[in-house]
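Below is one structure, written out as structure tokens; comments come after it.
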Amino acid sequence: MSVQADTVRLVEEHVAIEPPDGVAVWDIDPYGDEVLADLPAYYGELRARGGFVYLSRYAMLACGRYRETKEVFSDWQRFVSSRGVGLTDFKLQKPWRPPSIILEVDPPYHARTRTVMTRVMSPRAVAELKQAFQAAADTLVDRLLSKGTFDAVPDLAEAYPTAVFPQAVGLTEIDTRRLIDYGAMVFNALGPDNALRRKAMARGPDVVPWIMEQCKRERLAPQGFGADIYAAADQGEITSDEAGMLVRSLLSAGVDTTVTGLGSAIWCFAGNPAEFDRLKANPRLALPAFEEALRLTSPVHSFCRTANQATEVNGTPIPQDAKILCVLGAANLDPDQWPQPDRFDITRRPIGHLAFGVGIHNCVGQNVARAEADALLTAIARKVDAIEFAGAAVWRPGHAIHALDSLPVTFRAR
Ligand code: OVV
């Protein structure tokens with residue numbers, strides 16, 4: 001029996017490439033506990049080693065400089081998503097669930113599903129939710145102020161999106177735990193079969209059947225993103241099976257991401273009281289502040305692409321079939337792109353950050369995420385005088401998500 005199941009070279013799930021000429025070989029495990037416990041340190045080391053590094057443990061490439069990461073992410077023809085955006089190459093190994101019909105596909109198929117989702121979460125559609133989002137934010141912030149000291153991960157970051165997003169989708173049964181745990185499965189499935197992935201996947205038998213049930217038309221409210229997706233099926237734009245799969249995408253990507261982004265935004269303000277003072281003085285900075293918190297903390301820290309052909313990026317040869325770990329979190333802190341990258345500056349307006357990705361697969365729900373953040377940070381700016389740490393912030397290891405596990409804070413009323 002192998003006692004080293006977690007330290008063997010895990011390459012059977014994708015094509016093992018040889019290190020290209022001029023690329024540094026790095027024997028780090030980017031999915032190891034030590035790395036995931038301190039991502040910013042790893043980001044800096046990754047960028048320092050070059051535009052690309054060869055991860056010997058996985059026989060694949062990684063990039064973390066802004067220029068290369070953006071180029072790989074921007075070119076869906078050379079760097080495909082249809083072979084999976086995690087370590088598994090769907091050409092070689094069966095994915096753990098039927099692939100997403102929007103994330104894990106390429107053009108031309110991608111355009112059809114993407115068009116539906118773009119319309120369903122258009123600025124106009126999201127604007128209609130603003131009042132409900134603001135009312136829920138005001139109520140939650142009042143409740144948190146009456147508590148005073150609380151853990152901002154469960155009590156704020158998880159509480160807010162799960163109070164507004166499932167309703168926006170039109171779920172008629174809301175199970176916060178299962179929604180959050182499904183996100184943890186989907187994102188941790190992108191990494192190797194290690195203890196972290198197994199722990200998340202262990203929730204599958206309880207969570208997956210429940211999620212799939214909620215995607216059915218008869219389970220969804222007559223109004224909401226879910227109903228709007230099924231309306232596209234009525235128009236013949238997609239099939240009704242595809243509609244169910246797109247609802248699954250909403251539930252895959254819409255909960256843990258916003259939970260994480262909002263929690264990390266509060267962490268940014270707790271650590272930067274002068275920036276919180278600027279937000280209080282001008283609550284209209286709520287959105288630019290959220291954008292900056294996304295750049296600084298990158299809720300989705302990494303996604304992979306697969307090179308569908310031999311090519312070259314900024315002088316580095318890329319072998320055909322290479323998996324490339326694109327470390328968005330590292331690109332968002334690249335000093336060649338961002339002056340004083342580690343500074344939280346709510347007026348920076350970090351146009352071009354990669355926290356929502358870039359290219360044809362960039363986050364289709366970003367208007368919804370921004371609407372949630374705008375409502376919540378606006379409520380906080382109006383009602384809260386100070387945000388103080390009430391204990392140590394603890395980060396949670398994740399194969400793709402960079403999230404807080406615990407954030408004890410005190411809200412002082414204005
Ligand atoms: C993890 C993730 C991100 C974006 C979309 C999806 C999943 C999906 O299931 O479509």
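For ligands, and for the atoms within them, numbers begin at 1 and follow the listed sequence. Computed over heavy atoms, backbone and side chain alike; hydrogens, waters and symmetry mates excluded.
- Between Arg248 and ligand 1, a contact under 3.5 Å exists for no N or O pair.
- Protein heavy atom at the shortest distance from atom 1 (C) of ligand 1 is Val186 CG1, 3.2 Å.
- Using a 4.0 angstrom heavy-atom cutoff, Arg97 counts as in contact with ligand 1.
- Salt-bridge formation is not detected for the pair Arg83/Glu104: no Lys NZ or Arg NE/NH1/NH2 atom is positioned less than 4.0 Å from an Asp or Glu carboxylate oxygen.
- Near Ser100, the atoms of ligand 1 lying under 4.0 angstrom from a non-hydrogen atom of the residue are 8 (C), 9 (O), 10 (O).
- Ring to ring, His361 and His110 are close: their centroids are under 6.0 angstrom apart.
- The six-membered or imidazole ring of Phe411 lies near that of Phe150, with a centre-to-centre distance under 6.0 Å.
- The ligand atoms of ligand 1 that sit less than 4.0 angstrom from a heavy atom of Ile102 are 10 (O).
- Shortest contact from atom 5 (C) of ligand 1 to any protein heavy atom: Ala253 CB, 3.6 Å.
- Which parts of ligand 1 touch Phe187 is read off a 4.0 Å heavy-atom cut-off, strictly below it: atoms 1 (C).
- Remark: ligand 1 atoms within the under-4.0 Å shell around heavy atoms of Ser252 are 7 (C), 9 (O).
- The protein non-hydrogen atom at the shortest distance from atom 6 (C) of ligand 1 is Leu103 CD2, 3.7 Å.
- The environment of Gln223 atom CD is sparse: at most 12 non-hydrogen atoms of other residues, nucleotides or ligands sit within 6.0 angstrom.
- Side chains of Asp27 and Ser56: no donor on one and acceptor on the other come within 3.5 Å.
- In the displayed structure, Glu173 atom CD is contacted under 6.0 Å by more than 12 heavy atoms of other residues, nucleotides or ligands.
- Between His402 and Trp395, the ring-plane angle classifies as parallel under the 30° and 60° cut-offs.
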